[in-house]
Each structure stands twice: as C-alpha cells, then as structure tokens.
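Presented below is the structure to which this report refers.
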Amino acid sequence: MSRPQVLVIDDEPHVTILIELAGRMWGYDVVGARSINEGKAVLAKYPEARLLFLDVILPDGSGLDLLQELRQTPAYKELPIVVLTGIGQDDVIEQVEGAGARCMTKPFSPTKLGKMVAKMLDIDPE
C-alpha cells in the first residue's frame with residue numbers, strides 16, 4: 001500500500017528537500033515538480049494528495065494563477081495549499097488567503113514548516 005502524498009511545486013530544489021524531510025517524518029511521500037506544467041502532471045497523477053506547497057514565482061508562470069485555477073476546479077477546491085513566497089507583500093498574502101490557502105514566507109525554518117504541516121494534516125509532530 002502506498003503512503004499518502006504531499007506535493008511541492010517549487011523551482012528551488014532545497015525547498016523540496018526540506019519539505020520532503022518533514023513529510024517523511026510523519027509517513028508522507030513527497031513528490032516535487034519544478035514548474036507549473038510539471039506540477040499539473042503531478043497533480044493529475046496523485047489526485048488523492050493531502051497537501052500542496054506552491055511557489056509564487058515559477059519559470060513558466062505564476063503560482064498565484066495556478067492557485068486560482070485549482071480553486072475553480074472541483075477536485076482541488078478543498079485541497080490544503082500552502083503558498084511559498086519570498087515576496088511577502090500584503091497583496092500576495094491577501095490573494096492567497098482569499099483563495100483559502102495559507103502563506104509561508106521564504107526562507108522558512110524547518111520547525112515552522114513542521115508545525116504547519118502537522119497542523120494542516122492533523123498529525124502529531126512528535
């Protein structure tokens with residue numbers, strides 16, 4: 001039986017590695033993509049994913065546009081999403097929260113990441 005998935009769409013490999021370490025601690029497989037197009041393929045392959053981490057600035061477009069697209073798609077309307085941003089501007093945060101997602105500013109600490117993953121997936125971080 002396969003483990004549940006956490007998906008990451010981010011073009012910075014170290015971000016995926018950090019999330020992979022946190023996810024594996026609690027029994028989740030982490031699957032990464034480095035662009036919107038790769039991310040859409042990963043989402044299609046893992047429709048039962050439990051959580052998505054999504055970067056704002058990607059090589060082939062805006063993660064914010066993808067967030068809006070996902071929220072308009074019934075299969076992803078309720079998917080927990082954390083938008084990762086190095087920008088941290090109020091308008092970005094408002095757009096993310098308006099779409100029912102959470103925002104995490106980069107760089108982030110592994111501890112902060114772990115607490116957010118645990119809370120969103122309703123798991124014990126210990």
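Fair warning: this is a prediction, and the values are worked out from it, not measured in the lab.
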Partners meeting side-chain contact (heavy atoms from CB on, under 4.5 Å) with Glu97 (sequence neighbours left out): Ile93
Counterpart residues, side-chain contact (heavy atoms from CB on, under 4.5 Å), relative to Ala101 (two or more places apart): Leu67, Arg71, Ile81, Val83, Val96
Interatomic spacing from OG1 in Thr85 to CG in Leu64 - rounded to 0.5 Å: 7.5 Å
Flag side-chain contact, heavy atom, 4.5 Å: Val15 against Asp55: no
Spacing of Arg102 atom CZ and Met120 atom CE [to the nearest 0.5 Å]: 5.5 Å
Any Leu70 side-chain heavy atom under 4.5 Å of Leu52 side chain: yes
Which side-chain N or O atoms in residues 37-45 pair as donor and acceptor under 3.5 Å with protein atoms at least two apart or in another chain?
| unit_1 | atom_1 | unit_2 | atom_2 | d |
| --- | --- | --- | --- | --- |
| Asn37 | ND2 | Asp60 | OD2 | 3.4 |
| Glu38 | OE1 | Arg34 | N | 2.9 |
| Lys40 | NZ | Glu69 | OE1 | 3.4 |
| Lys40 | NZ | Glu69 | OE2 | 3.3 |

Separation between NZ of Lys119 and NZ of Lys115, rounded to the nearest 0.5 Å: 11.5 Å
Cys103 SG to Glu94 CD distance, which is reported to the nearest 0.5 Å: 11.0 Å
Residue pairs passing the salt bridge (charged side-chain N to carboxylate O under 4.0 Å, His left out) test where at least one lies in residues 13-24, sequence neighbours excluded: Glu20-Arg24, Arg24-Asp29
Any residue meeting side chain to side chain donor-acceptor pair (under 3.5 Å) with Tyr28, in chain and number order, not counting sequence neighbours: Arg50
Member of Ile19, Thr105, Leu54, Val56 meeting the side chain to side chain contact (heavy atoms under 4.5 Å, CB included) criterion with Leu84: Ile19
Residue pairs involving residues 7-17 (criterion salt bridge (charged side-chain N to carboxylate O under 4.0 Å, His left out); sequence neighbours excluded): Asp10-Lys106, Glu12-Lys106
Close side-chain approach of Phe53 and Val30, heavy atoms under 4.5 Å: no
Heavy-atom pair with the smallest gap, counting every atom of Gln68 and Ala99: NE2-CB, 3.7 Å
Ile57 atom CD1, neighbour heavy-atom count above 12 within 6.0 Å: no
